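Some notes on the structure that comes next.
Every value quoted in this text rests on a predicted model; they were computed, and no experiment measured them.
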Amino acid sequence: LKLYVKLYLDLFGGVILKKYLIFTMLCVFLVGCGKAPAGNTKFINEFNTFCTNVSDIDAEINKLDNIQADEAGLAEATKNLMYYLDMLDDEFKKLSNIDFPTEYDDLEKLADEASEYMSEAVRSYHITYEDEYTESMEEYANNNYSRAYKRVQYIVNVLNGTTTNETTTQ
């Protein structure tokens, strides 16, 4: 039970899954302010769908905070978390299949990388929480998760015209 509590608090109570909620706000900003590439309705719709779906999945993950802190509750939360992470992985795979406008072709590579990092993160979370917990595997999963979202944030920033000097190769 203590291990499940520790894992739960690390994953849910920690920063890793919640720190990217700003991503959702950036996605809304992208379309809401009309900064998305003009004349690319299909792209805008697909990207908005990605953002909305990721936001919905994040909301479901955050609802897991309200579980009972007993062994059965934590086991159920872990099962649900794995389900939502699988859904998140599917959404990132869809992102990698979006055809970006010609002027943003370079961003397609970042979308592919984001998908690859998310797939590796989800695979690693499954190993960590369903098979055998090791701190190093959890850290590896967290790093891949972070890298996936960092690339998406960069894509959103470029589409908004608000790029930073920060690199995306980390």
Side-chain angles (χ1 to χ4, degrees), residues 10-12 14-62 64 80-130 135-170:
D10 285 351
L11 194 57
F12 295 108
V15 184
I16 196 68
L17 289 177
K18 292 182 180 180
K19 80 178 193 177
Y20 292 103
L21 287 178
I22 194 165
F23 152 78
T24 302
M25 295 185 328
L26 289 172
C27 287
V28 170
F29 180 76
L30 170 70
V31 177
C33 293
K35 299 227 179 194
N40 293 293
T41 306
K42 183 177 184 224
F43 167 75
I44 292 169
N45 289 340
E46 290 176 337
F47 198 80
N48 281 341
T49 299
F50 167 77
C51 292
T52 299
N53 291 347
V54 168
S55 176
D56 291 346
I57 293 166
D58 281 342
E60 291 301 317
I61 289 172
N62 287 328
L64 296 175
N80 290 338
L81 174 63
M82 295 304 111
Y83 171 76
Y84 293 128
L85 288 173
D86 288 340
M87 289 177 62
L88 195 60
D89 188 23
D90 289 343
E91 289 304 319
F92 272 73
K93 286 175 183 171
K94 290 175 189 173
L95 170 68
S96 73
N97 290 320
I98 293 175
D99 186 26
F100 281 70
T102 306
E103 63 267 32
Y104 296 106
D105 276 345
D106 293 344
L107 298 180
E108 282 190 47
K109 181 179 182 217
L110 286 178
D112 293 342
E113 288 177 10
S115 176
E116 290 166 12
Y117 279 120
M118 184 56 72
S119 290
E120 186 62 15
V122 171
R123 184 190 72 76
S124 301
Y125 282 129
H126 275 283
I127 292 169
T128 299
Y129 296 109
E130 293 176 336
E135 192 172 323
S136 62
M137 182 58 80
E138 180 182 48
E139 184 177 335
Y140 178 71
N142 291 343
N143 286 337
N144 281 295
Y145 187 92
S146 179
R147 287 179 182 128
Y149 269 104
K150 185 174 185 178
R151 277 148 181 80
V152 172
Q153 277 187 299
Y154 186 81
I155 290 169
V156 171
N157 287 343
V158 168
L159 293 173
N160 274 320
T162 58
T163 58
T164 64
N165 292 332
E166 202 174 320
T167 64
T168 61
T169 58
Q170 297 178 0

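What you find for Ser96 and Ser115 is that their closest heavy atoms are CB-CB, 3.7 Å. Of all heavy-atom pairs spanning Tyr84 and Ile57, the tightest one is O-CG2, 3.5 Å.
Counting only heavy atoms from C-beta outward, the side chains of Phe43 and Leu159 approach each other to under 4.5 Å. Contact annotation: the side chain of Val156 approaches that of Phe47 to within less than 4.5 Å [non-hydrogen atoms, C-beta and beyond]. In this structure the side chain of Val152 reaches within 4.5 angstrom of the side chain of Phe50, judged on heavy atoms. Between Leu85 and Tyr145, some side-chain heavy-atom pair lies under the 4.5 Å cut-off. For the pair Asp99 and Glu108, the minimum side-chain heavy-atom distance is below 4.5 Å. You'll find the side chain of Asn97 stays beyond 4.5 Å of the side chain of Glu46, heavy atoms only.
Atom CG of Leu88 and atom CD of Glu60 lie 12.5 Å apart (nearest 0.5 Å). For the atom pair Phe100 CZ and Asn40 CG, the distance stands at 11.0 Å (nearest 0.5 Å). Atom CE of Met118 and atom CZ of Arg151 lie 11.5 Å apart (nearest 0.5 Å). Note that CE of Met137 is 5.5 Å distant from CZ of Arg123, once rounded to the nearest 0.5 Å. Atom OG1 of Thr128 sits about 8.0 Å away from atom CE of Met82, to the nearest 0.5 Å.
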Inset, instruction - Would you sort out whether Asn142 and Tyr125 count as a side chain to side chain donor-acceptor pair (under 3.5 Å), showing the intermediate values? - result: CA-CA 8 Å; Asn142 291 343; Tyr125 282 129; 2.5 Å; yes
Inset, instruction - Decide yes or no on side chain to side chain donor-acceptor pair (under 3.5 Å) for Asn53 and Glu91, but give the supporting numbers first. - result: CA-CA 7 Å; Asn53 291 347; Glu91 289 304 319; 3.1 Å; yes
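Without hydrogens or angle criteria, Ser124 side chain to Glu120 main chain gives a donor-acceptor distance under 3.5 Å. Ser55 places no side-chain N or O within 3.5 Å of a backbone atom of Cys51 that could act as its donor or acceptor partner. Thr49 places a side-chain N or O within 3.5 Å of a backbone atom of Asn45 that can act as its donor or acceptor partner.
The environment of CD in Glu130 is crowded: more than 12 heavy-atom neighbours from other residues, nucleotides or ligands sit within 6.0 Å.
Of the listed residues (Asp106, Leu107, Asp112), just one forms a side-chain contact (heavy atoms from CB on, under 4.5 Å) with Leu110, and that residue is Leu107.
Using a 4.0 Å cut-off between a side-chain N of Lys or Arg and a carboxylate O of Asp or Glu, Lys93 and Asp89 qualify as a salt bridge.
For Phe92 and Tyr149, the ring centers are positioned less than 6.0 Å apart.
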